[in-house]
Protein chains: 2
Amino acid sequence: MELRHLRYFVAVAEESHITRAAERLGLQQPPLSQQMKALERELGVQLLRRRPRGVELTAAGRSFLADARAVLAQAEHAVAGARRTARGEQGQICIGFTSSAPFHPLVPRLIRTFREAFPGVAATLEEGGTLELVDGVQRETVDVAVVRTPVEAEGLVVHPLLAEPMVVALPRAHALAAGGASASLPLKALAGETFILYRRRSGPGLYDAIIGACRAAGFSPVVGQEVPRIVSTLNLVAAGLGLSLVPESLARMQMDGVVYRRLKGRAMPTAPLLLVARRGDPSATVRQFLSLARKTAEGPAP
Amino acid sequence: MELRHLRYFVAVAEESHITRAAERLGLQQPPLSQQMKALERELGVQLLRRRPRGVELTAAGRSFLADARAVLAQAEHAVAGARRTARGEQGQICIGFTSSAPFHPLVPRLIRTFREAFPGVAATLEEGGTLELVDGVQRETVDVAVVRTPVEAEGLVVHPLLAEPMVVALPRAHALAAGGASASLPLKALAGETFILYRRRSGPGLYDAIIGACRAAGFSPVVGQEVPRIVSTLNLVAAGLGLSLVPESLARMQMDGVVYRRLKGRAMPTAPLLLVARRGDPSATVRQFLSLARKTAEGPAP
DNA sequence: CATCTGTCATATCCCAAACATATGGATTTC
DNA sequence: GAAATCCATATGTTTGGGATATGACAGATG
């Protein structure tokens with residue numbers, strides 16, 4: 001049995017007339033009669049009662065008609081689903097991000113826009129460390145990851161979304177905290193201070209950017225502590241263990257005991273926001289996400 | 001697109017290997033490759049990624065696989081349903097019966113047995129007068145009817161199920177009621193009594209049988225009242241308006257003021273139980289019902 | 001009652017497409 | 001680097017779906 005038989009049978013049933021059905025199907029009457037007969041022979045069931053003025057359905061024919069329509073509809077559905085999936089309008093995507101990423105408004109905006117644009121895609125979110133996420137992308141447990149550290153790994157591509165300036169996070173009791181958030185501070189003013197940094201092996205990008213900027217400003221920072229997550233640095237700053245440079249977007253997280261101050265001068269350290277994905281990922285869903293991310297990053301902030 | 005494409009695709013997907021799938025399908029590898037390509041071309045979607053060690057599904061392929069399996073399963077279901085319907089195991093049947101029919105144990109037993117034997121058949125029951133039911137059978141609103149009157153109508157067949165003896169229904173106060181239910185009465189004893197009869201035009205069978213039996217016993221009954229339903233006669237008997245002859249099975253309906261007595265003698269009137277159906281009804285369900293009814297009527301009472 | 005009309009079935013032919021065979025190209029494995 | 005494995009392409013073969021012509025049958029029509 002083939003879908004052809006079902007299509008033909010439905011037409012015959014709807015017309016109650018083989019000749020008219022043949023016309024509708026764009027073929028001649030004899031082949032259609034033959035196909036109907038072949039169908040009945042294969043089922044071992046009489047579906048049609050031949051009358052001098054046309055045909056009528058048997059009880060078995062009525063039962064088969066209902067099911068045949070369902071089969072044809074489901075076949076349509078299968079095709080449509082495959083096409084939607086191929087266009088990236090349907091499917092799954094796992095989006096990873098480091099703990100500091102969602103503080104930048106671009107990230108929640110991107111995810112919201114994506115869900116609105118592709119309601120047929122089930123997006124799961126996963127928070128994790130950079131290494132963990134990059135590993136996940138390679139193992140295909142994560143499709144794209146938003147991280148703050150450029151990674152170099154086999155089979156991955158990195159799309160920079162933006163680079164934001166960094167600000168100084170100071171303990172409230174610190175002498176430099178006095179000026180308030182509005183007044184900016186030259187980087188050189190931090191010479192001799194104890195720095196709390198995001199640990200290098202989790203992603204050398206930020207670490208090296210900060211060290212490099214300090215060097216350019218003429219001093220070597222004293223590194224007091226390294227933490228696994230950017231967000232953790234703020235806890236240590238609040239505890240008075242030192243100061244830190246953090247991406248500007250984290251300043252929206254007001255913490256007791258932490259004061260932020262802008263930096264001024266040339267060659268200031270910046271914190272990038274990056275998208276990591278598999279090189280040549282064939283998933284249209286991922287391609288759509290990446291494309292939307294690029295557009296969102298380039299577009300104006302709302 | 002044909003079911004063949006779906007069957008082939010499912011095999012390829014399950015094997016992740018065109019050559020092995022071809023083997024399983026009983027054909028050679030090149031035609032299978034061609035069919036897969038044709039399917040992808042028709043959908044305009046890549047379903048398979050060709051690898052040196054086999055093939056793997058794309059996201060669209062996974063979506064299509066799930067739906068293709070559903071389509072194939074539903075096609076199987078359609079065939080099975082048509083076959084079940086053709087065997088009479090699935091479908092609908094409307095069974096009509098006159099108000100007096102269900103008092104005979106055969107009728108509820110037949111219906112119960114049928115429902116158990118054909119759980120896939122939706123049986124609807126309809127009570128009505130004989131004329132009404134016969135008309136329903138002709139109009140195809142009723143499929144089979146259990147009646148007490150042989151009918152002669154175009155396009156109908158009548159299957160006698162059984163003929164049961166009739167008993168006398170007497171008002172409790174009546175002189176003849178004294179003997180009790182165990183003692184039987186000669187029909188001649190009723191000469192001169194007022195009879196309440198089921199009205200003739202609703203079905204001449206019973207009426208004529210009673211009149212005929214009385215004549216054979218040597219008297220003409222006095223007909224006091226005619227009622228539309230057999231059951232109604234008992235109400236009038238209870239009210240003391242006369243006596244009546246009713247099918248034996250109605251005696252199980254004990255009514256205040258009514259006493260039943262058996263008849264004795266030759267040529268006693270009997271009440272038939274008949275099945276009416278359309279002549280040459282093509283429905284397997286109806287055929288199965290009629291066949292079961294014959295077997296149940298012939299078989300021993302439980 | 002005979003004829004005509006309309007419908008489906010059967011017979012025969014044709015061609016497209018499904019399938020088989022043979023071979024080539026690409027990639028992994030030894 | 002040779003062998004093995006797998007899929008794609010090229011070309012022939014056959015099956016079966018479709019077209020045309022005709023027959024059979026039942027109502028409608030005069």
Side-chain angles (χ1 to χ4, degrees), chain A residues 1-58 60-61 64-65 68 72 75 154-155 279-280 282, chain B residues 1-58 60-61 64-65 68 72 75 154-155 279-280 282:
Chain A
M1 189 175 74
E2 295 294 340
L3 288 179
R4 179 186 54 256
H5 294 111
L6 304 186
R7 285 188 275 260
Y8 289 2
F9 174 73
V10 170
V12 169
E14 282 174 358
E15 299 285 346
S16 293
H17 203 282
I18 295 186
T19 306
R20 272 203 302 274
E23 214 167 303
R24 201 175 97 185
L25 292 167
L27 43 80
Q28 299 300 315
Q29 170 261 319
L32 185 54
S33 286
Q34 283 182 349
Q35 290 294 316
M36 290 300 95
K37 206 170 171 185
L39 177 60
E40 289 177 318
R41 196 179 53 239
E42 178 167 355
L43 300 191
V45 164
Q46 188 182 350
L47 301 173
L48 301 171
R49 242 190 309 281
R50 277 76 172 173
R51 299 285 187 204
R53 306 309 277 175
V55 296
E56 62 181 37
L57 292 179
T58 63
F64 194 68
L65 173 62
L72 292 174
E154 181 60 28
R279 178 177 302 279
Chain B
M1 188 174 74
E2 294 294 341
L3 287 180
R4 171 170 30 85
H5 293 111
L6 303 186
R7 285 189 273 261
Y8 289 1
F9 174 72
V10 170
V12 169
E14 281 175 358
E15 299 284 346
S16 293
H17 202 283
I18 294 185
T19 306
R20 271 203 302 275
E23 214 167 303
R24 203 175 97 184
L25 293 166
L27 43 80
Q28 298 299 314
Q29 169 260 319
L32 186 54
S33 286
Q34 285 180 348
Q35 292 294 316
M36 290 298 95
K37 207 170 169 185
L39 177 59
E40 288 177 319
R41 194 178 56 238
E42 178 167 358
L43 301 191
V45 164
Q46 188 182 351
L47 300 173
L48 301 171
R49 243 189 309 281
R50 277 75 172 173
R51 299 287 188 202
R53 308 307 278 172
V55 296
E56 62 183 36
L57 292 179
T58 62
F64 194 68
L65 174 61
L72 292 174
E154 181 60 28
R279 180 177 302 280

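To find a chain, count down the sequence lines: A is the first, B the second, and so on, and within it residues start at 1.
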task: Would you mind reading off the distance between A:Met36 atom CE and D:dG17 atom P, rounded to a whole angstrom?
output: 12 Å
- line: From the list A:Arg7, A:Glu2, A:His5, A:Glu40, side chain to side chain donor-acceptor pair (under 3.5 Å) with A:Gln35 holds only for A:His5
- request: Would you give the length of the straight line joining atom CG of A:Leu65 to atom CD of A:Glu14, rounded to the nearest 0.5 angstrom?
  value: 7.0 Å
field: Approximate separation, where rounding is to 0.5 Å, of A:Leu27 CG and A:Tyr8 OH
entry: 4.5 Å
- request: Return the value, rounded to whole Å, for the distance between atom CG of A:Leu48 and atom C1' of C:dA9.
  value: 13 Å
- prompt: A:Leu6 and A:Met1: which non-hydrogen atoms are nearest, and at how many Å?
  reply: CD2-SD, 4.0 Å
query: Considering all heavy atoms of both residues, which atom of B:Leu32 and which atom of B:Ala22 are nearest to each other, and what is their separation?
result: CD2-N, 3.4 Å
field: Nucleic acid footprint by protein, nucleotides 19-30 of chain D - heavy-atom cut-off 4.0 Å, B for base, S for sugar-phosphate alone
entry: BBB----SS---
- prompt: Atom CZ of B:Arg41 to atom P of D:dA8: distance rounded to whole Å?
  reply: 13 Å
Nearest-nucleotide comparison on DNA chain D, the residue closer to the 5′ end among B:Ser33 and A:Gln35: B:Ser33
- prompt: What is the distance, rounded to the nearest whole Å, between atom CG of A:Leu39 and atom P of C:dC8?
  reply: 16 Å
task: Output the distance between atom CD (A:Gln34) and atom CD (A:Gln29), rounded to the nearest 0.5 Å.
output: 9.5 Å
- prompt: In Å and rounded to the nearest 0.5 Å, what is the OG1 to CD distance from B:Thr19 to B:Gln28?
  reply: 9.5 Å
- prompt: Over how many whole Å does the gap from A:Arg49 atom CZ to C:dA9 atom C1' extend?
  reply: 18 Å
message: So, does A:Lys37 get its side chain near the phosphate of C:dT10, meaning an N or O under 4.0 Å from OP1 or OP2?
response: yes
query: B:Glu2 has an atom CD; how far is it from atom C1' of D:dG17, in whole Å?
result: 11 Å
task: Name every residue in residues 11-24 of chain B that has at least one heavy atom under 4.0 Å from any atom of DNA chain C, in order of residue number, or write none if there are no such residues.
output: none
task: Rounded off to whole Å, could you give me the OH-to-C1' distance for the B:Tyr8 and D:dC7 pair?
output: 18 Å
- prompt: Is there a side-chain polar atom (N or O) of B:Arg51 under 4.0 Å from OP1 or OP2 of D:dC7?
  reply: no
task: Give a yes or no on whether the backbone of B:Leu48 and the side-chain of B:Arg50 come within a donor-acceptor separation of less than 3.5 Å.
output: yes
field: From CZ (A:Phe9) to CG (A:Leu57), nearest 0.5 Å
entry: 5.0 Å
